[in-house]
Amino acid sequence: MSLPHAILTALLEKPSSGLELTRRFDRSIGYFWSATHQQIYRELGKLEAEGHIRALPTQQPARGQKKRYEVLPAGRAELARWTAASQDPKPLRDTMLLRLRAAAVVGTEGIEADLRRHLDLHQRQLVEYEEIQERDFPPGKDAPQDRLQHLVLRAGIDLETFWTRWLTHALDEFQRLPAEDPAS
């Protein structure tokens, strides 16, 4: 049930339209909790029906005008309840790890090139996160909200650092593997 909570969080940070939420997901929340345009609009409808959000009144009703939403007290209470609840960590499910396990029994063709591609993707993501950190979290920016948001970014930096190190190690291992016999 995390998408509605991600939307409530974003709306508490700043009342927004569905389109604005989609753009904000692409630039921030989407780094760790992605959602499509359709999923966001569907959840906005549900949250409104549940009395957790409402569309802000507009100065002049106009056809096709974007609805901007704000969180109601019931939505804030739901987000606070969810935030305070205990949740177990989710087990890691990674296709690359499963493919490496399968490669141990069927051969490694194609895996090394994809490991290199993954390494490139993770290196680029790490650079992007580090740029965000430099831009958005300069020394001295330590209000409680800033510190918590920086913790989320640090998790992304640390995960990308892990993946780049692990992928580099995996590629080193591939260099030490004996050549495969194409007849097997």
Side-chain angles (χ1 to χ4, degrees), residues 1-58 64-98 118 120-138 140-164 166-167:
M1 267 316 264
S2 294
L3 180 56
H5 299 102
I7 291 171
L8 287 170
T9 299
L11 289 175
L12 279 169
E13 291 172 345
K14 180 182 177 188
S16 305
S17 69
L19 181 58
E20 290 167 335
L21 279 173
T22 300
R23 289 180 180 150
R24 287 175 59 206
F25 264 71
D26 289 345
R27 290 189 321 265
S28 62
I29 292 173
Y31 286 120
F32 57 90
W33 198 267
S34 62
T36 66
H37 185 79
Q38 293 84 4
Q39 289 171 316
I40 290 171
Y41 275 94
R42 190 169 36 249
E43 284 303 326
L44 285 170
K46 289 178 187 177
L47 289 166
E48 190 172 27
E50 292 166 353
H52 290 167
I53 64 171
R54 72 174 180 136
L56 289 167
T58 60
Q65 186 173 355
K66 297 175 197 148
K67 284 187 192 178
R68 292 178 52 84
Y69 295 92
E70 70 176 353
V71 177
L72 295 171
R76 181 181 281 278
E78 168 54 23
L79 186 59
R81 181 209 59 77
W82 178 79
T83 302
S86 176
Q87 292 185 356
D88 292 335
K90 300 291 183 220
L92 176 63
R93 291 178 62 171
D94 187 274
T95 307
M96 178 57 78
L97 297 177
L98 181 57
H118 279 235
D120 181 59
L121 293 170
H122 285 288
Q123 287 171 329
R124 283 191 273 150
Q125 189 64 68
L126 178 58
V127 166
E128 185 175 350
Y129 285 163
E130 288 171 337
E131 288 170 353
I132 292 169
Q133 178 175 254
E134 189 173 318
R135 180 190 70 221
D136 294 350
F137 298 100
K141 187 174 182 180
D142 61 355
Q145 181 177 354
D146 295 326
R147 292 172 70 184
L148 292 174
Q149 289 175 347
H150 192 197
L151 272 175
V152 174
L153 179 61
R154 281 295 326 167
I157 290 169
D158 291 347
L159 282 170
E160 295 305 329
T161 300
F162 161 78
W163 282 115
T164 57
W166 182 85
L167 286 159

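Below, all heavy atoms of this structure are taken into account, side chains as well, without hydrogens, waters or symmetry copies. Position 1 is the first residue of the sequence; numbering continues from there.
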A.B. asks: Verify the neighbour count for atom NZ of Lys14: are there more than 12 heavy atoms of other residues, nucleotides or ligands below 6.0 Å?
C.D. replies: no
A.B. asks: What are the two closest non-hydrogen atoms of Pro15 and Arg68, and how far apart are they?
C.D. replies: O-NH2, 2.8 Å
A.B. asks: Considering the options Leu167, Leu159, Thr161, which one meets the side-chain contact (heavy atoms from CB on, under 4.5 Å) requirement together with His122?
C.D. replies: Leu167
A.B. asks: Taking the side chain as everything from C-beta on, heavy atoms only, tell me whether Leu79 gets closer than 4.5 Å to Val71.
C.D. replies: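 Side chain of Leu79 against side chain of Val71, heavy atoms only: no contact under 4.5 Å found.
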A.B. asks: Is the shortest distance from a Lys or Arg side-chain nitrogen in Glu43 or Lys46 to a carboxylate oxygen in the other one below 4.0 Å?
C.D. replies: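 Looking at Glu43 and Lys46, the cut-off is met.
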A.B. asks: Could you walk me through whether Trp33 and Thr9 pass the side chain to side chain contact (heavy atoms under 4.5 Å, CB included) check?
C.D. replies: CA-CA 12 Å; Trp33 198 267; Thr9 299; over 6 Å; no
A.B. asks: Enumerate donor-acceptor pairs with a distance under 3.5 Å from any side-chain N or O in residues 86-93 to protein atoms, sequence neighbours excluded.
C.D. replies:
none

A.B. asks: Shortest non-hydrogen contact from Ile53 to Leu72?
C.D. replies: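 Smallest interatomic distance, heavy atoms only, reads O-CD1, 3.6 Å.
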A.B. asks: How would you list, by chain and number, every residue that makes a ring pair (Phe, Tyr, Trp, His ring centres under 6.0 Å) with Phe32, sequence neighbours excluded?
C.D. replies: none
A.B. asks: Taking only residues two or more places apart in sequence, or in another chain, which ones meet Arg54 in a side chain to side chain donor-acceptor pair (under 3.5 Å)?
C.D. replies: Glu70
A.B. asks: Before giving the answer on salt bridge (charged side-chain N to carboxylate O under 4.0 Å, His left out), spell out for Arg23 and Glu20 the whole-Å C-alpha distance, their side-chain angles and the decisive distance to 0.1 Å.
C.D. replies: CA-CA 5 Å; Arg23 289 180 180 150; Glu20 290 167 335; over 6 Å; no
A.B. asks: Once side-chain contact (heavy atoms from CB on, under 4.5 Å) is applied, do any residues pair with Ala74, and if so which ones, sequence neighbours excluded?
C.D. replies: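 So Ala74 forms a side-chain contact (heavy atoms from CB on, under 4.5 Å) with His52.
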A.B. asks: Between atom CG of Leu121 and atom CZ of Arg124, what is the distance when rounded to the nearest 0.5 Å?
C.D. replies: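 The CG atom of Leu121 sits 5.0 Å away from the CZ atom of Arg124.
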A.B. asks: What residues form a side chain to side chain donor-acceptor pair (under 3.5 Å) with Thr164, not counting sequence neighbours?
C.D. replies: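 Not a single residue meets the side chain to side chain donor-acceptor pair (under 3.5 Å) criterion with Thr164.
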A.B. asks: Which heavy-atom pair separates Gly18 from Leu44 by the least distance, and what is that distance?
C.D. replies: CA-CD1, 3.7 Å
A.B. asks: Quick one: pull up CG in Asp94 and CH2 in Trp163 and give me the separation to the nearest 0.5 Å.
C.D. replies: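 CH2 of Trp163 is found 4.0 Å from CG of Asp94.
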A.B. asks: If you look at every heavy atom in Ala35 and Leu3, which pair is closest and at what distance?
C.D. replies: CB-CD1, 3.6 Å
A.B. asks: Return the CG to NE2 distance between Leu12 and His5, rounded to the nearest 0.5 Å.
C.D. replies: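 Separation between the atoms: 11.5 Å.
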A.B. asks: Show me, pair by pair, the donor-acceptor contacts under 3.5 angstrom made by side chains of residues 125-138, not counting sequence neighbours?
C.D. replies:
unit_1 : atom_1 : unit_2 : atom_2 : d
Glu128 : OE2    : Tyr31  : OH     : 2.3
Gln133 : OE1    : His150 : NE2    : 2.8

A.B. asks: Where is the tightest heavy-atom contact between Ser16 and Leu11, given as atom of each residue plus distance?
C.D. replies: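 Heavy atoms of Ser16 and Leu11 come nearest at N-CD2, 3.5 Å.
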A.B. asks: Would you call the rings of His37 and Tyr41 parallel, tilted or perpendicular, where under 30° means parallel and over 60° means perpendicular?
C.D. replies: tilted
A.B. asks: Could you tell me which non-hydrogen atom of Ala55 sits nearest to which non-hydrogen atom of Glu48, and how far apart they are?
C.D. replies: N-OE2, 3.6 Å
